[in-house]
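Contents: one structure, followed by commentary.
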Amino acid sequence: MAGTVDAARCRACARLTYPTHYYCPACGGREFEPVPIEGEGTLLTWTRVHALPLDYEQRYITLGIVELDMGIRATGRLEMGDPAIGRRERA
Amino acid sequence: MRDVAIVGVGSTQFGRAQWSLLKMMCEASHDAIVDAAIGERKIDAVYVANMGSVRTSRQAGLASALVDRLNLFPAAAEVVENGPASGASAVKHGVQAVASGMCDLVLVCGGERMNEVNAFDATETVSYLSHRYAEYVYGVTLPALAGMFARLYMDRHGVEPRHLAMVAIKNHANGARNRKAHLRIPVTMEGILTGPDAFMNNPPVAEPLRFFDCCPVSDGSSAVLLAPAALAAEFRPKPVLVAGIGQATDCQAVHERPDPTQLPAVRLAAEKAFAMAGIGPADIDVAELHDAFTILEIAESEEAGFFAPGEGAKALERGDTALGGRLPINPSGGLKARGHPVGNTGVSQVVELALQLRGEAGDYQVAGNPERGFALNFGGFGNNVVATVLKGGV
Amino acid sequence: MTRTLFDWDAGEPLTPEEERMIDELEAKLRPPALPMAPYPPKAITLASGEVMVVRQASTDEVDTMLRIIEPVMWLKRDFFDIVAARLFGELLAWKLHRVRNEYCLVGVVDGELAGIVNGRLVDEKHGMSYHTLTLKRGLRVGAHLFASKMEHHIEFLGQDEVWIVAESPIGHRRWMIEYPLEEKFDVQHELGGAPSWVLTRETYFKAKERLVSGTRPVPEELLARSWPIREPDLRVMLVQVEDLLESRI
Ligand SMILES: CC(C)(COP(=O)(O)OP(=O)(O)OC[C@H]1O[C@@H](n2cnc3c(N)ncnc32)[C@H](O)[C@@H]1OP(=O)(O)O)[C@@H](O)C(=O)NCCC(=O)NCCS
Ligand SMILES: [Zn+2]
């Protein structure tokens, strides 16, 4: 996953969300501060996709959902060679 | 609210169209109008279901264009877009218009011509449904979301690849009986899973999902004509009633859902539709579920309340959901074999159920005079779901 | 070679002198051929459960194939017309000895022609892939046959490279990504048009497990059923082709 992606922390209730919403899903707040997505996480699920949109020259890409220790989940490209549910992964 | 009846249905062949999107839609609409025998009566409003025409067919304002081709002036007209659930959403709007008393005769027409662009472009168009910044930019497509869902679901519920193959085999067998289906080729377990050449016949698309776990990219159009139940008898002897409609939404980014193996929008939409109809899942005789990916038929059959969680695959294995089973699911072939012209699918499900309840489904007619049908139309990856309950024999 | 083929203007027997001249002329027109190893037949179980035998076709079968291909030339869809028209010419040229080192493989399901692939040897090490025509749709017959053709070039004919262009751009992009093919733009493909792409021995063997299927040897009884190719009922076939053309949407 790209290192520059931010999650949002609600200034009112501190709830972390990714992706961002206009209202905080927990308290309805509208003020957020960016929090870089980083650290380690556990792989929740993954797939190797062969049905790709335009502009992809690869045969497939590997995507997964990671449950990050920082308390959010994120969807993104996996770099590991043999993914498995429960495996540790860096953001 | 007035009760609303389906007085006419129509549908084109599904597959790869030679003709323009509008021409297909005219055909389906014409069939529905003829089926209803409305005579000189005027159609008050037209709702068109479509998702991608701006990109795939370079046509915006489809509903106005359809009114023009069919000479339905000055009918009200608009397009309803709710991704792959556009069809059921448009039916819902039509039903609301009639139920409220604002309109008497309403035409709902779904149409999509995805094959006007190439397969990569079609995949791209559909992937716009995903979250632009948290999913799409990483290469997430609808098959990718389905693949991730399938892996987790199979892991938690002991669903095996052979169960997915059974959905495909069942729906291909049903589709082979449906003259209008896109794919009319029966497939076998040996051919797609266990045989020596199965890997090549059925290559991975979004692992663990394979080719035969996915719906095809289809063109097609379907239409229904709605009228107040009180007037319906004027048009046809056995109108079908729209007994209940329910809709629910969920997070756009799939990873934000509390439990990514659950489809709460399916559960809520089904509950609402059943509540409105005053019946429950056990009363349903035939269902058309949104099997864009085989895993979804199993998961939805549980979320909609037909089977307990984790029991869907067992019911399938027992043959309960086969054409001759206790609750036939997707007798038309479903999205898997009938095809999935994205925005049209919800309308076509309603057309299929109406035919079943009228006893006019021909070679894929469910036996025993089914009286209650259930359709589930699944938008996005389950972030906007519409369920419809129909009652026949009125 | 019997003379009757050329003896079209009624009755007059050819003089020995004339016969000799035609022989010589004919001999000049016929290209010399490289010896080519035969393609050992294989059996593929399709998704439908039907078994397709992939085997080499002989020139005796060309007329039957031409009759089957002919109506497809009018199918203006998915480049069927151009593939069928060119294949028609190529197979005829093969039968009449007007092309060097051509071969043709067919997929046959119980006597029914499911698809045709052909190509030729440019020299011992380089192959030229011509066409892939699928008549039985929806069962990835085209992909199976294309893979068989690559198998023939690399494994049985012992070549190092196969040069490829596709008539359909999207089909081409697929092969390119699937195998994947590499650019070989300095080679002009015989089908004209686009520059060539190449499948090398190395990429073939990397892709083989994924893309090449089938079982050998084919049981005698099954092989026997792959021959002869059934002469289709032309009327039925034309109706089917027209159905496709006129399909309601
Ligand atoms: C599965 C998928 C990737 C296959 O696409 P493809 O490889 O481009 O397939 P093609 O269009 O080349 O079709 C190849 C053949 O298989 C058949 N076919 C296509 N899709 C098929 C499918 N899903 N199942 C069975 N057969 C299929 C076609 O009829 C075609 O037959 P023919 O050309 O021999 O007549 C594609 O259908 C797909 O992306 N499906 C998902 C669509 C989607 O996401 N919809 C939105 C969901 S909400
Ligand atoms: Zn908050």
Side-chain angles (χ1 to χ4, degrees), chain A residues 1-8 17-21 34-70 72-91, chain C residues 44 46-47 78-79 129 132 134 137-151 154 161-186 194-213:
Chain A
M1 261 158 267
T4 54
V5 182
D6 287 338
T17 52
Y18 171 72
T20 55
H21 298 261
V35 179
I37 296 180
E38 60 191 9
E40 292 209 338
T42 309
L43 188 59
L44 180 67
T45 183
W46 62 279
T47 182
R48 216 173 261 139
V49 205
H50 301 247
L52 295 172
L54 290 169
D55 311 327
Y56 280 79
E57 294 285 307
Q58 299 97 312
R59 203 150 52 71
Y60 59 76
I61 61 175
T62 309
L63 293 166
I65 296 178
V66 180
E67 302 201 283
L68 292 161
D69 298 343
M70 66 188 282
I72 50 164
R73 295 200 198 106
T75 303
R77 298 283 271 278
L78 300 180
E79 305 297 331
M80 55 173 104
D82 55 338
I85 290 180
R87 188 154 295 190
R88 299 293 289 172
E89 156 95 340
R90 284 205 61 78
Chain C
I44 298 176
L46 300 174
D78 298 344
F79 299 87
S129 166
T132 303
T134 313
R137 310 289 311 264
L139 292 169
R140 298 179 52 83
V141 164
H144 280 302
L145 289 179
F146 184 81
S148 307
K149 162 153 89 169
M150 297 304 126
E151 180 189 36
I154 305 286
E161 287 188 358
V162 192
W163 300 334
I164 299 159
V165 288
E167 238 98 55
S168 112
I170 195 73
H172 188 67
R173 191 168 160 205
R174 241 191 229 128
W175 299 137
M176 232 171 65
I177 295 176
E178 277 285 307
Y179 275 82
L181 305 181
E182 292 155 34
E183 291 177 5
K184 187 84 178 189
F185 289 177
D186 50 322
S196 295
W197 292 74
V198 64
L199 177 82
T200 62
R201 182 163 266 278
E202 196 194 341
T203 27
Y204 170 80
F205 281 107
K206 265 197 219 144
K208 181 177 172 180
E209 202 198 335
R210 233 173 354 102
L211 297 172
V212 186
S213 42

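Values in this document were obtained by computation on a predicted structure and should not be read as measured data. In the text below, chain A, chain B and the rest are named by the order of the sequence lines, each starting its count at 1.
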Which donor-acceptor pairs lie under 3.5 Å between chain A and chain C?
{"residue": "Y56(A)", "atom": "O", "partner": "R173(C)", "partner atom": "NH2", "Å": "3.0"}

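With sequence neighbours excluded, no residue satisfies side-chain hydrogen bond (donor to acceptor under 3.5 Å, both in side chains) with D6(A). Partners of T42(A) under the side-chain hydrogen bond (donor to acceptor under 3.5 Å, both in side chains) rule, at least two apart in sequence or in another chain, are R88(A).
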